[in-house]
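Count residues from 1 along the sequence.
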Amino acid sequence: MHKPKFVVVTGGVLSGLGKGLFIASLGKILKMRGYNVIPIKIDPYMNVDAGTMNPMEHGEVFVLNDGSEVDMDLGTYERFLDVNLTTKSNITTGKIYKKVIEKERKGEYLGKTVQLIPHLTAELKSWYREVAGDADIVLIEIGGTVGDIENQIFLESVRELSLEEDVFFIHSTLVPVIKVVGEQKTKPTQQSVRMLREIGIFPDMIYCRSEKPLLDNIKKKISRFCGVPEDYIISGPDVSNIYDIPLLLEDQGVGEKVLRGLGLEERKIIDDELSKWKKFVNNIDNPKRTVKIAITGKYTYLHDSYVSILEALRHCSGELSCKIDLKWIETTDIESGRIDVKEALGDVDGIIVPGGFGSRGTEGKIECIRYARENNIPFLGLCFGFQLAVIEHARNLCGLKDANSTEINPNTPHPVIDILPEQKKIKDKGATMRLGAHEAILKDGTIVRKLYGKDVVSERHRHRYEVNPDYIKILEKNGLIFSGVSPSGRLMEFLERPDHKFFVATQAHPEFTSRPLKPNPLFLGFVKACLIQGQ
Ligand code: GLN
């Protein structure tokens, strides 16, 4: 019988140290050895999924092909591992409790007192095994830090799992340097490992995040106090390019060590895959050219809210060996007149208007789109950015004064963007948008058709509004081309302007499908146009 092996990564000291990046990178070097790996992220919050959370607080809501709204770490996993995951790879407290409570109501535990231990832990263990499928290795990341009340039951579930299966435990910590002392301090690591051992988990490896590489005497000290061999204390210094991390782990033999710990064959990395990855990393680290791209949005101070867009751009950097200088535009400043649109965009080679909800900053975004159109500056509109491009066109080229989306102004005289009919009766907010992968048919002879190189494409969605079918004729008559539509022909999915260098937008979120070595075609086309613009 197929028996998958498990790697569990726990966190200590602080959250937000990049456990997700570590796991994704570890998965990458295992995959480069021909192992079939699958990740699971555990988020110990009560929300059933990330869809109802504020991106300012929790980072971007990532969307999978199957339509689930998940933690942004799933995006990291998909990008590094080049796989399409399902909702099963993200467990939350809300999701697992819901499952157990539903079973209880059906009578599946009839006569029993249903308890966290053993019932919830049993449910978790069977979830881990089910996700495993035919994978060789399951990588489980437990969100939060050891000592948190909310992740205790998940830690208990993996402790139980280790009694039944081969589990390799990695604890990820922080080794800070106090500036005046200038010394790498090990105490927080010692204490978090002690807490982990108290609950019955003994780490096999410790991954130490620090500003600079870990010094040898510090490794020795951590090894001595934490009971982990010195060569299993792994250094995780700060990097400017996250795609360097698999190479850093490879240099420290992490792949072989984990395989040895799991009793799996220590295969050599596939040379061709490694050299392609190194070239991609090198292109980003040593760029030949630079482009300046503006991104508009209201969470401009929290880049985690836009991580997939930033990564999609980085994939283009790796393909084209160009540095992308970002300029964040807070569009409320344009609206209020504090900054002039020309001052904001006069020095950029391209403009991205990303997704968004609500009315704040939208007039400023529409101004930016007008500026891009009138000055022939490459423009990429994503979801809300697509809808706002339609509004700009309607107002300024179709004579539809005060045209708007009913999301922004329910009383607009020209609702060129309106709620999807099937959304009208929906009251609940959780997982009710038009979500996940949907196909679009691309029109012959358009830019979008050329970029994708095929007639039918699938991209992921997350929206409630659409181009109002009543206005399509007038919008098209005045120079807008809807270059991609849903298979039924009703939903407008892509638009472009034939009279412009590069003016493309989509109702979808193409940033979710961009991968290192396989940048999304729309982003690649856009950055190429920006490079020409910058010459
Ligand atoms: N608010 C818009 C809608 O719901 C756009 C959503 C988005 O940009 N993800 O349709």
Side-chain angles (χ1 to χ4, degrees), residues 54-57 291-306 309-310 313 324-418 463 465 467 471 475 478-480 495 497 499-505 526 529-530 533-534:
N54 184 343
M56 267 213 287
E57 205 176 289
V291 276
K292 191 162 184 174
I293 292 176
I295 303 186
T296 68
K298 59 179 173 178
Y299 302 128
T300 51
Y301 37 92
L302 258 184
H303 298 183
D304 266 5
S305 317
Y306 294 111
I309 294 176
L310 303 186
L313 289 173
I324 298 182
D325 271 344
L326 292 177
K327 184 170 186 185
W328 294 91
I329 312 289
E330 178 53 79
T331 49
T332 47
D333 288 341
I334 294 178
E335 254 167 44
S336 67
R338 217 172 67 78
I339 294 177
D340 177 62
V341 64
K342 198 163 160 206
E343 195 185 316
L345 299 175
D347 62 342
V348 305
D349 305 314
I351 299 165
I352 296 179
V353 177
F357 295 84
S359 60
R360 190 173 162 269
T362 49
E363 288 302 319
K365 288 179 197 170
I366 293 170
E367 262 308 280
C368 291
I369 296 169
R370 188 186 57 77
Y371 188 86
R373 176 177 59 74
E374 288 180 348
N375 294 283
N376 216 358
I377 300 170
F379 163 76
L380 182 62
L382 308 170
C383 201
F384 203 38
F386 165 92
Q387 297 174 354
L388 297 177
V390 170
I391 295 170
E392 193 281 327
H393 178 77
R395 285 186 190 173
N396 299 325
L397 294 173
C398 305
L400 300 172
K401 198 166 163 288
D402 296 326
N404 217 328
S405 162
T406 48
E407 179 184 7
I408 303 166
N409 175 10
N411 302 317
T412 170
H414 300 294
V416 288
I417 304 294
D418 199 7
H463 65 119
Y465 293 80
V467 176
Y471 286 89
L475 293 165
N478 289 288
L480 202 64
L495 68 76
R497 308 194 73 85
D499 56 350
H500 194 282
K501 269 186 211 151
F502 189 97
F503 191 104
V504 173
F526 169 69
C530 296
Q533 182 82 5

Backbone of [Y] reached by a side-chain donor or acceptor of [X] within 3.5 Å:
| X | Y | value |
| --- | --- | --- |
| Lys327 | Ala344 | yes |
| Asn376 | Lys501 | yes |
| Thr331 | Gly361 | yes |
| His500 | Phe502 | yes |
| Glu367 | Glu335 | no |
| Thr412 | Asn409 | no |

Should the pair Glu363-Arg395 be classified as a salt bridge under the 4.0 Å nitrogen-to-oxygen rule? yes
Between Arg497 and Asp499, does any side-chain N to carboxylate O distance fall below 4.0 Å? yes
Min side-chain heavy-atom separation [X]-[Y] under 4.5 Å:
| X | Y | value |
| --- | --- | --- |
| Ile329 | Ile334 | yes |
| Asp349 | Pro378 | no |
| Val390 | Leu495 | yes |
| Val467 | Leu475 | yes |
| Asp418 | Ser405 | no |
| Asp325 | Ile293 | no |

[X] to [Y] - nearest heavy-atom pair and separation:
| X | Y | result |
| --- | --- | --- |
| Ile408 | Gly358 | CG1-O, 4.5 Å |
| Phe526 | Ile352 | CE2-CG1, 3.5 Å |
| Ala294 | Val348 | CB-CG1, 3.9 Å |
| Glu392 | Ile366 | CG-O, 3.7 Å |
| Thr296 | Tyr306 | O-OH, 4.3 Å |

State the [atom1]-[atom2] distance between [X] and [Y], to the nearest 0.5 angstrom.
| X | Y | atom1 | atom2 | value |
| --- | --- | --- | --- | --- |
| Ile351 | Gln533 | CD1 | CD | 9.0 Å |
| Leu310 | Asp304 | CG | CG | 9.0 Å |
| Leu480 | Cys398 | CG | SG | 7.5 Å |
| Ile391 | Asn396 | CD1 | CG | 11.5 Å |
| Leu313 | Ile295 | CG | CD1 | 5.5 Å |

Those residues at least two apart in sequence (or on a different chain) that pass side-chain contact (heavy atoms from CB on, under 4.5 Å) with Cys383 are His463, Gln507, His509
Return the set of residues passing salt bridge (Lys or Arg N to Asp or Glu O under 4.0 Å) with Glu407 (not counting sequence neighbours), or none when no residue passes. none
Output every pair passing ring pair (Phe, Tyr, Trp, His ring centres under 6.0 Å) with a member in residues 376-404, not counting sequence neighbours, ordered by first then second residue. Phe379-Phe503
